[in-house]
Protein chains: 2
Amino acid sequence: MTKTAEVILFPRHAKNPAQFRTWLASISSTFKKYLEGKGLNLTHQREEVLKCLLSAGNHMSLDDVYAAAKKKDPTIGRATVFRTLKLLEECGLAAEVGSADGRTRFEIKADRPHHDHMICIECGRIAEFESPMMERFQNKAIRQHKFIALWHRHEIFGRCELCAK
Amino acid sequence: MTKTAEVILFPRHAKNPAQFRTWLASISSTFKKYLEGKGLNLTHQREEVLKCLLSAGNHMSLDDVYAAAKKKDPTIGRATVFRTLKLLEECGLAAEVGSADGRTRFEIKADRPHHDHMICIECGRIAEFESPMMERFQNKAIRQHKFIALWHRHEIFGRCELCAK
DNA sequence: ATTTCAATGAAACTGAGTTTCATTATCAGG
DNA sequence: CCTGATAATGAAACTCAGTTTCATTGAAAT
Ligand SMILES: [Mn+2]
Ligand SMILES: [Mn+2]
Ligand SMILES: [Zn+2]
Ligand SMILES: [Zn+2]
């Protein structure tokens, strides 16, 4: 009976406030650099969206982030949240994730290892999993097809442990 | 230097007419049984849609199938094509596949081994690949999470061999 | 022939995602 | 400080794949 580790959970987000501030500062700085490169600037709205995405949960829909941001700044617009999420995605700091209810979710990618998702069609919960072996065989298939892989999504739908009665 | 087979292409669809007719008959019969079980019947429109999906290419959008079906029966409606594709999916004969241009594609699942997809963001081509090893490690992850997997999608986006200059 | 209910096609609707546009903030040079 | 130029914003409008509605037709059952 071998001790299988292999698959690792990612209960994420810095719980320690100081740790969180450091993390935010680091990502903020990366975002700022990216924006400056395009002649844009890191406005307080953009920073607010980033902060919300980092703190208010892991797999948030546009409207989740919008709601969270609105609590801090009631004047913020949905369009701005949308545009900021796109910018974050564009520069590789965030990524889109599928979900049980058709709405796309967003997650922070920075400083996080690659992982895929198991999505509960009952409660919507999204569990993260990671399997180096899987990635390995995936890369093998990609190589054999002489395919230039840019990104992938691997999403398993079903019932989570809690919802499986 | 081991002879790697492992990843197999699926250039699909019975080329031989006789073979094709047999295949169609078999799937038709399954579909009919499914419909009867729900008090529905296999109309000529429904059969036409099935035939188109089987013959006119492998990863067709709703409107691809609609166009193909319309050639054979100009009176057929988009709603009927849509509903038939949903029925085929519902009974496990067909499945939805992602694509480069946001529109869902459909493929026949009956009598075909499970496979995943590499999708070219340049030309839209969808290549099929299959890796028992990947499925194996995927199942391992699922077991470890005590997840009840119902279906999954594993789609790799990038540039196909031809489009990679 | 009459009843019943499935099936259809045209057209209308839905809603997540996206864009437009008038207005407001930001910033660099003077 | 002003002053222009341009980036940024929020509200509202728009898109469009997917889906539903509804009036009509078809096909079986009685
Ligand atoms: Mn995740
Ligand atoms: Mn396929
Ligand atoms: Zn669940
Ligand atoms: Zn290509």
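On a predicted model such as this, the values are computed, not experimentally measured, just so you know. A, B, ... follow the sequence lines: proteins, then strands. Residue 1 opens every chain. Atom set for the values below is all heavy atoms of this structure, side chains included, hydrogens, waters and symmetry mates excluded.
Rounded to whole Å, the distance from CG on B/Asn41 to P on D/dA27 is 10 Å. Between the CZ atom of B/Arg78 and the C1' atom of C/dG9 there is a distance of 12 Å, given to the nearest Å. Taking atom CZ on B/Phe106 and atom C1' on D/dG18, their separation rounds to 9 Å, with Å as the unit. Taking atom CG of A/Leu85 as the reference point, atom P of C/dT18 lies 11 Å away to the nearest angstrom. Between the NZ atom of B/Lys86 and the C1' atom of D/dA17 there is a distance of 11 Å, rounded to whole Å. In this entry the distance linking CD of B/Glu48 with P of C/dG9 reads 11 Å, nearest Å. As rounded to whole Å, 10 Å separates atom P of D/dT9 from atom CG of A/Asp73. To the nearest angstrom, C1' of C/dT26 lies 12 Å from CZ of A/Arg46.
For B/Arg83 against C/dG9, a side-chain-to-base donor-acceptor contact under 3.5 Å is present.
Considering only side-chain N and O atoms, B/Thr43 lies under 4.0 angstrom from the phosphate OP1 or OP2 of C/dT8. For the OP1/OP2 pair of D/dA17 and a distance below 4.0 Å, the side-chain nitrogens and oxygens of B/Thr104 include no atom meeting the criterion.
Using modelled atom types, one side-chain atom of B/Thr84 and one backbone atom of B/Thr80 make a donor-acceptor pair closer than 3.5 Å.
The shortest heavy-atom contact between A/Phe157 and B/Phe147 is C-CE2, 3.8 Å.
Classification of the B/Phe129-A/His145 ring pair by plane angle, with boundaries at 30° and 60°, yields perpendicular.
Picking from D/dT20, C/dT8, D/dG10 the nucleotide with the shortest atom distance to the side chain of B/Ala79 gives D/dT20. For A/Gln45, taking side-chain heavy atoms from C-beta onward, the closest of the listed nucleotides D/dT20, D/dT9, D/dA7 is D/dT9. Of all nucleotides listed (D/dT19, C/dT26, D/dA8), D/dA8 comes nearest to the side chain of A/Leu40. Residue B/Thr75 places its side chain closer to C/dG9 than to any other of C/dG9, D/dG18, D/dA8.
Note: A/His117 and A/His154 fail the aromatic proximity criterion, with ring centroids not under 6.0 Å apart.
For A/Tyr66 and B/Arg103, each mapped to the nucleotide of DNA chain D holding its nearest heavy atom, the one lying further toward the 5' end belongs to A/Tyr66. Positionally, the nearest nucleotide of DNA chain C for B/Gly77 lies more toward the 5' end than for the other of A/Phe82 and B/Gly77.
Here the options are A/Arg103, A/Lys70, A/Arg105, the test is salt bridge (Lys or Arg N to Asp or Glu O under 4.0 Å), and the partner is A/Asp63; only A/Arg103 passes.
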